[in-house]
Amino acid sequence: MTAPDIKPDETVDARGAACPGPLMDLIGKIRSVDSGAVVALYSDNDQSHTDVPEWAEEAGNDLLAVEERDDHSVFYVEKA
Amino acid sequence: MTDHIVVLGGGTGGTVLANDLADHLGPEIDDGSVEVTLLNDDPDHVYKPVWLYVPFGQREPADGRRPLDELVDDRVDVRIDRVTDVDTDAKRLSAREAVDPIEYDYLVLATGSTLEPDRVPGLAEGAHDYYSEAGAETLREELLSFTEGHLVLSVVGTPHMCPAAPLEFVFMADDWFRERGLREDVDITYTYPIQRVHGNPHIAEWAQPIMEERDIEVETFFNAESVDPEAETITSMEGTELDYDLLVGIPPHSGVDLVADAGLGDDGWVDVDRHTLEAEAAEDVYAIGDTADTGVPNAGSVAHYQAGVVGQRLASEVRGRPATATYDGKTLCFVETGMDAASFVEFDYETPPSPAPPSEKLHWSKLAYNESYWLTARGLL
């Protein structure tokens, strides 16, 4: 997949984190950034493909894109 | 030449490891070729699982305290001091009371978790916890006189110590109020940050139906953003507001600043190889228990098993042999499901947990282990 043209304000590298590590790491970062900031979450946990969109919708944040890389995915989330 | 092994932290991991080293390296310690030092900032060893029972009036905080020097082998030099700096290049530590730096050949970080309720506005003032001695005692005063209203348990921060303890608390509270004929007057709500009731999906799948059967309300995707102690409300990032009459909060945790200051990892957790437990950013440094960022639960059993692995690895290293012992993620927990029943889980990196059917036998096994824990701390069990 082509990398989206998104410049994240913060990056969270949760590769290797056991479930629910990546989502909790993302939530922790979202807590600390301002509204409108974009956080990129690196995760190699398959569960993130359901956890992250569900939480983003629940919390009212925007999942802008999901980029598939060789050994992990990148989730771009904009804080509402 | 003497190899100096320094263990930083006298909780379960550090204490078990110090005794393990004294056992495995006894001859080397006796002939002066190895020295083992255990550094802790409290003269007491604290067994935290006792705190779960304090709010229900079943145990006292003192039941979880014993002097470190009574638990640790005499061949270990126990020093009560607060380490202020770790220099992994020079392989030395600075401590508050130490005149000279403490040099080490091998360092094991077992500094554990600290509570940070101030990260959520109003949490420290509005919520009670049973993750500290003082918190458990204050919660006891509130709980023992609580006869009606809305009890909310909110898991605010993860990772936190003993991931099963929030489930245990609401299961015990439900049973405790039922036994006293008060359950109809007490509503219980449990909140969790993600979309299920526990981080581990297998444990969540097991616990959710029990909560439904027991009429324990659940709010998932609830990440507490603030607490208003005067209005007695807790509000989530997701926009949900709950009224409470008694709020029990599992506060955010972090490790000690020393770890980040030494460049060993973020938030006080050391980045390690999850099998060897060696720090990724420094030579001859290990981390165990909560301090080691392995992705397994922050639990005493984990610290216990990891201490055994690091003890074997260090014994091999000082003897000039290849270190072969590795940690496989082994975790073992009893999970109280009421005041007289418990389940049990055992899992590792490859094998998911499969909770055992709750029984009175497992409950008594948990209480029996809590009594015999002191043998674990001494390195005997």
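Just so we're on the same page: letters track the sequence lines, and every chain starts at 1.
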What do the steps show when you test A:Met24 against B:Asn223 for side chain to side chain contact (heavy atoms under 4.5 Å, CB included), and what is the final call?
CA-CA 10 Å; A:Met24 289 309 304; B:Asn223 287 278; 4.2 Å; yes
Side chains of A:Asp51 and B:Arg196, heavy atoms from C-beta outward: is any pair under 4.5 Å?
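Of all side-chain heavy-atom pairs linking B:Arg196 with A:Asp51, at least one is under 4.5 Å.
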Would a 4.5 Å heavy-atom cut-off, applied to side chains only, mark A:Trp55 and B:Met237 as touching?
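A side-chain contact exists here, since the closest heavy-atom pair is under 4.5 Å.
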Over 12 non-hydrogen atoms of neighbours within 6.0 angstrom of [atom1] in [X]:
X        : atom1 : answer
B:Glu212 : CD    : yes
B:Glu205 : CD    : no
B:Glu283 : CD    : no

With sequence neighbours excluded, what pairs up with B:His150 under the ring-ring contact (aromatic ring centres under 6.0 Å, His included) test?
none
Distance, nearest 0.5 Å, that separates CD of A:Gln47 from CD1 of B:Ile194
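Taking CD in A:Gln47 and CD1 in B:Ile194, the distance rounds to 8.0 Å.
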For residues 115-123 of chain B, run the donor-acceptor check on the side chains, cut-off 3.5 Å, and write out each pair with its distance to 0.1 Å, sequence neighbours left out.
residue: B:Glu116; atom: OE1; partner: B:Arg119; partner atom: NH1; Å: 2.7
residue: B:Glu116; atom: OE2; partner: B:Ser254; partner atom: OG; Å: 3.1

Residues in residues 27-34 of chain A that sit under 4.5 Å from chain B, counting heavy atoms only:
A:Ile27, A:Ile30, A:Arg31
Among residues at least two apart in sequence or on other chains, which ones pass salt bridge (charged side-chain N to carboxylate O under 4.0 Å, His left out) with A:Asp13?
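Salt bridge (charged side-chain N to carboxylate O under 4.0 Å, His left out) list for A:Asp13, sorted by chain: A:Arg15.
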